[in-house]
S.K.: 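Structure in structure tokens, see below.
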Amino acid sequence: MQPPPPMTMIPDPADARNATFVFLQEDHTLGNALRYMLIKHPKTHFCGYSIPHPSEAKMHFRLQSSDPELSAKDLLHEGVDSLKEMLHHIDSEFTKELARFQAAQPTQTGPASQSQSAPIDKE
Amino acid sequence: MTFSLEGTDASIANALRRVMIAETPTVAIHFVRIENNTSPLNDEMLSHRLGLIPIVYRGDVRQLNSNRDCDCQGNCARCSVEFELHVRNDGEDTIEVTSHDLRALSDMAVPLDDETLPRGILICKLGKFQEIRLTAIATKGVGKEHAKWSPVSTAVFQYEPSIRLNYRLLDELSPQDRQNFVGSCPARVFEIQDGRVVIPDVYRCTYTEECMRWAEQVGKPDLVTVKQLEPPRFRFSVETTGSLKPAEIVQSCLITIQEKIRKIEDLLVTKQEEQQLPQ
């Protein structure tokens, strides 16, 4: 049996600008972050999410675009893109700052690093 | 480890925090085969205690297969690490069985060995002639399935407070009143140094607003204002269980969120071609 897709769309048959997206195995972690990114989008007319039932691993994401040229699906794509960019930025800033912090640190006195996976020391 | 995050919103900060706690993979003992257990603890209790011992995986945990999805039968080196525990008390005195007695059968992982815990983590005590003999299999998992896989003991963030003191009004207070003002804060945000009120660490503030209430009572409501810094800045504090290093957790959590997003993006891109999302 094929696993269900992680996201499905419930479109508005009359209007491509409106849609509800159903995310499986997602919760407030993604819902709230994505909601925040899309609410800042100038062409978002409405954006909100809900978890219809706590024992169902489903997240409903409602999106309405204010631009007739922009479908809800494309708007979601733009929101996802901007969230990706933001995380990418946090990631690179964190890595940069960590390297800077470690360079400024006097040589470690404790036992050698236990994990060989990454050259990271405890703060 | 502490770090600060700014230029974003609580929803992003909260996503980071939630992923650190519940969706950052680590390795923990998941299957235990008990061969002999004459200890005071029953098998279930013993297995539970073994599961909670932080396991340090040497290598990238993310590269490890999930035991459930691995194509092997049972378990293999690509999805698990095996441990062995065999302790028998032949002496008169009670002995302690600790995480140091847990022996890894491969060099890919070890139970947490930290200089702050020279005796290791206590698993059980054994009386005269009591014995524990078992093998344990550690697998990859995430904190939302069972807290034993959570790499953090605490992962929290705090809004940076913005506290403004009106020094002109403060100077009008008597030294005793200044002392009373400093004493009004239950979190001890203020201190007096050389007769001046100073704030040694703004993050001590817990927004009780007791200082503002005190100022209002003495008829000087402009003495102090406490609010959240605008735009917000968050201070994260990440404390690990020892299975991963704090910076590794933050990096792993960022990868996890990015993977989540990529999954959706892939779906959006492929669906674009088909012009139809599954309904």
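First the proteins, then the strands, lettered A, B, ... as listed; each starts at 1.
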S.K.: Looking only at heavy atoms and a cut-off of under 4.5 Å, which of Glu23(B), Gln258(B), Gln63(B), Lys144(B) has the most pairs with chain A?
M.R.: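 It is Gln258(B).
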
S.K.: Please set out all donor-acceptor pairs under 3.5 angstrom arising from side-chain atoms of residues 70-78 of chain B, sequence neighbours excluded.
M.R.:
residue: Asp71(B); atom: OD1; partner: Arg78(B); partner atom: NH1; Å: 3.3
residue: Asn75(B); atom: ND2; partner: Ser80(B); partner atom: OG; Å: 3.2

S.K.: Check Ser11(B) against Tyr36(A) and note the closest heavy-atom contact, atom names and distance.
M.R.: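 Closest approach of Ser11(B) to Tyr36(A): OG-CB, 3.0 Å.
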
S.K.: When you compare the side chain of Ile90(A) with that of Ile12(B), does any pair of heavy atoms fall below 4.5 Å?
M.R.: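 Ile12(B) reaches Ile90(A) side chain to side chain.
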
S.K.: Side chains of Leu98(A) and Gln251(B), heavy atoms from C-beta outward: is any pair under 4.5 Å?
M.R.: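 In short, these two side chains touch, coming nearer than 4.5 Å.
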
S.K.: Between Val80(A), Leu87(A), Thr95(A), who has the most heavy-atom pairs with chain B when the cutoff is under 4.5 Å?
M.R.: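 Between Val80(A), Leu87(A), Thr95(A), the count favours Leu87(A).
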
S.K.: Could you grab the distance from atom CG of Leu5(B) to atom CZ of Phe94(A), nearest 0.5 Å is fine?
M.R.: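 Those atoms lie 10.5 Å apart.
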
S.K.: As an exercise, state the distance from CE of Met9(A) to CG of Leu267(B), rounded to the nearest 0.5 Å.
M.R.: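 Atom-to-atom, Met9(A):CE and Leu267(B):CG are 11.0 Å apart.
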
S.K.: So what's closer than 4.5 Å to chain B heavy atoms on His89(A): side chain, backbone, both or neither?
M.R.: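 Nothing of His89(A), per the 4.5 Å heavy-atom cut-off to chain B.
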
S.K.: How long is the span from the CG atom in Leu268(B) to the CE atom in Met7(A), to the nearest 0.5 Å?
M.R.: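 Between Leu268(B) CG and Met7(A) CE, I get 4.5 Å after rounding to 0.5 Å.
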
S.K.: Sort Leu244(B) into side chain, backbone, both or neither according to what part of it lies under 4.5 angstrom from a heavy atom of chain A.
M.R.: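 Interface part for Leu244(B): neither.
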
S.K.: Hey, does Phe23(A) have a side-chain heavy atom less than 4.5 Å from the side chain of Ile264(B)?
M.R.: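 Answer yes - side chains close enough.
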
S.K.: Taking only heavy atoms into account, what residues of residues 58-67 of chain A are found under 4.5 Å from chain B?
M.R.: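 Expected list: none.
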
S.K.: For Met86(A) versus Gly7(B), what's the shortest heavy-atom pair and its separation?
M.R.: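 Answer, listing the atom of Met86(A) first, then Gly7(B): CE-O, 4.4 Å.
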
S.K.: Could you list which of residues 27-34 of chain A have a heavy atom closer than 4.5 Å to any heavy atom of chain B, in residue-number order?
M.R.: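 So far as heavy atoms go, Asp27(A), His28(A), Thr29(A), Leu30(A), Asn32(A), Ala33(A) are the residues that approach chain B to under 4.5 Å.
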
S.K.: Let me confirm one number: the NZ-CD distance from Lys263(B) to Gln25(A), rounded to the nearest 0.5 Å.
M.R.: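 If I round to the nearest 0.5 Å, the distance is 8.0 Å.
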
S.K.: NZ/Lys84(A) to CD1/Ile257(B) distance, rounded to the nearest 0.5 angstrom?
M.R.: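 It is 14.5 Å, given to the nearest 0.5 Å.
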
S.K.: Who passes side-chain hydrogen bond (donor to acceptor under 3.5 Å, both in side chains) against Thr98(B), sequence neighbours left out?
M.R.: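 Applying side-chain hydrogen bond (donor to acceptor under 3.5 Å, both in side chains) to Thr98(B) gives none.
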
S.K.: So for atom CZ, which belongs to Arg62(B), do other residues, nucleotides or ligands contribute more than 12 heavy atoms lying within a distance under 6.0 Å?
M.R.: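 Yes, the 6.0 Å shell around CZ holds more than 12 heavy atoms from other groups.
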
S.K.: Would you give the length of the straight line joining atom CG of Leu254(B) to atom NE2 of His88(A), rounded to the nearest 0.5 angstrom?
M.R.: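 Taking CG in Leu254(B) and NE2 in His88(A), the distance rounds to 11.0 Å.
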
